[in-house]
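Counting starts at 1 for both ligands and their atoms, in listed order.
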Amino acid sequence: MSRSFHPPQRILLGPGPSNVEPRVLQAMLAPLLGHMDPVYFQCMDEIQDLLRSVFETGNRVTFTVSGTGGAGMETCLANLIDEGEEVVVCVNGFFGERMAELAARWGATVIRVDSDWGQPFDMQKVRDAFRKSSARVVTMVHAETSTGMRNPIEELKSLRDVRDAILVADTVTSLGAHPVGIDRNSIDASYSCSQKGIGAPPGLAPVTFSERALEKIRNRKAPPRTWYLDVQLLNKYWGSDRAYHHTAPALMNYALREALCIILEEGLEARWQRHERNSGTFVAGIEAMGLEMLVAPEYRLWSLNTVRVPDGVDDARVRSRLLNSHNIEIGSGFGVFKGKIWRVGLMGANSNQNTVLLLLAALKSAIATRA
Ligand SMILES: *Cc1c(COP(=O)(O)O)cnc(C)c1O
């Protein structure tokens, strides 16, 4: 057995991870610092400021959780849900289902508002379900990665006409690629991940909490059952106390810091426009090949593009040809879309014209090659 590991250079066009800029990997080669080093504290402060800009929020409590996007989801739900309370969960895909599952595990009585996978929500149904319930927490996945659907988190604030609500948005596949407007959209709690739109390796989950969300957390009947993901304890480390909570994955945070710097150097608006433009080029190419997109144009994500597998074409065979002959990874469908769609991530560094053209050519050849 060789002593070193030489993985191939893949082009990662699945639902994440996505390729990272060399600068981001370079950042991880900087000298390791301890988690109580004053120089590392400066790095933490910078990350918090950078994250506020990218989340478009002034929220004081904005930091990274040590874990992937799923740890961000657990953090938001475990802290905001009191045992036995009703929570409205909007579900139109796999990650909406996961939120319903986690909310139930953290003690909620879940009131689901369902739409078919890949179909938009009827916001009147969401409002009616909220009105009829005693729920104070409402959740929605912004970018439903399982279907390629963009859900309207900007419409959640209308629920406040009914009564006060804590609005939770999953921005795992939108942050850094689509506008999320946490403050503009009155979102109280949101979580994301490092490896999709942000353009860093997997391992961190950015989270942000409004004052309204923190007030609900402070007024809990009992502390959350999770100690590791307790927002108030984590904030004693990220906030001014700097009280040890866990050993920070410092190198991961260096990488995230660099990726966030790259985002702001490009500018948020320019970055969103780039993602929109390259997704548009991809869709035009797909349609020119006679293939079809799954999601209607007005709801399409730019970061995650879903293509219907044409009749008579073997989904898995095409994906393995892309991987083995072209070093390109794309995602498969799952749940009701198993074998029915391909999921193509065009995120961060991979949202560019050359990559799109390369993929279109490879996909055309992989579909045309008979077994
Ligand atoms: C990827 C993803 C997650 C889970 O993130 P992990 O980093 O895989 O834990 C959660 N929600 C959405 C919408 C996702 O796309």
Side-chain angles (χ1 to χ4, degrees), residues 12-20 51 55 64-78 80 89-103 105-106 115 117-118 120-121 139-153 156 167-180 182 187 189-208 226 228-229 249 252-253 255-256 259 275 279 294-295 299-306 329-335 337 341-348 350-351:
L12 301 171
L13 302 180
S18 191
N19 294 93
V20 307
L51 278 178
F55 268 125
T64 63
V65 170
S66 304
T68 62
M73 192 188 285
E74 298 254 12
T75 302
C76 286
L77 298 179
L80 283 169
V89 181
C90 303
V91 181
N92 65 349
F94 176 85
F95 290 102
E97 297 278 357
R98 185 183 282 181
M99 279 185 114
E101 159 84 22
L102 290 198
R105 286 194 186 207
W106 288 110
S115 210
W117 282 34
F121 289 117
T139 77
M140 185 179 274
V141 177
H142 187 207
E144 185 43 90
T145 321
S146 62
T147 63
M149 178 98 192
R150 185 174 45 76
N151 288 319
I153 55 168
L156 288 175
L167 308 175
V168 182
D170 173 317
T171 54
V172 173
T173 302
S174 48
L175 192 69
H178 282 261
V180 298
I182 295 301
I187 300 299
S190 186
Y191 57 89
S192 189
C193 75
S194 48
Q195 78 273 16
K196 297 185 189 181
I198 298 287
L204 292 176
V207 294
T208 186
T226 173
Y228 196 75
L229 302 177
M252 281 304 310
N253 279 288
L256 182 78
H275 281 78
S279 171
L294 174 73
V295 175
Y299 303 113
R300 269 177 209 153
L301 288 173
W302 308 323
S303 45
L304 198 283
N305 302 266
T306 46
E329 176 183 88
I330 64 169
S332 60
F334 51 106
F337 293 120
I341 59 171
W342 290 307
R343 296 184 302 141
V344 175
L346 297 171
M347 309 179 205
N350 283 345
S351 170

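Under the side-chain contact (heavy atoms from CB on, under 4.5 Å) rule, Val141 has a single partner from Asn92, Asp170, Val89, which is Asp170. A side-chain contact (heavy atoms from CB on, under 4.5 Å) with Ser18 holds for exactly one of Asn350, Leu13, Ile198; it is Asn350.
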Side-chain donor-acceptor distances from residues 201-208 under 3.5 Å, at least two apart:
from	atom 1	to	atom 2	distance (Å)
Thr208	OG1	Asn59	ND2	2.9
Thr208	OG1	Thr62	OG1	2.9

| said: As a quick check of understanding, evaluate side-chain contact (heavy atoms from CB on, under 4.5 Å) for Glu74 and Tyr191, giving each step before the final call. | reply: CA-CA 9 Å; Glu74 298 254 12; Tyr191 57 89; over 6 Å; no
| message | What verdict does the side-chain contact (heavy atoms from CB on, under 4.5 Å) test give for Arg343 and Phe334, after you've listed the backbone C-alpha separation in whole Å, the side-chain angles of each residue and the deciding distance to 0.1 Å? | response | CA-CA 10 Å; Arg343 296 184 302 141; Phe334 51 106; 3.0 Å; yes
| Step-by-step side-chain contact (heavy atoms from CB on, under 4.5 Å) determination, Arg150 to Ser174 | CA-CA 9 Å; Arg150 185 174 45 76; Ser174 48; over 6 Å; no
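For a heavy-atom separation below 4.0 Å, the residues in contact with ligand 1 are Thr68, Gly69, Gly70, Phe95, Arg98, Val141, Ala143, Thr145, Asp170, Val172, Thr173, Gln195, Lys196.
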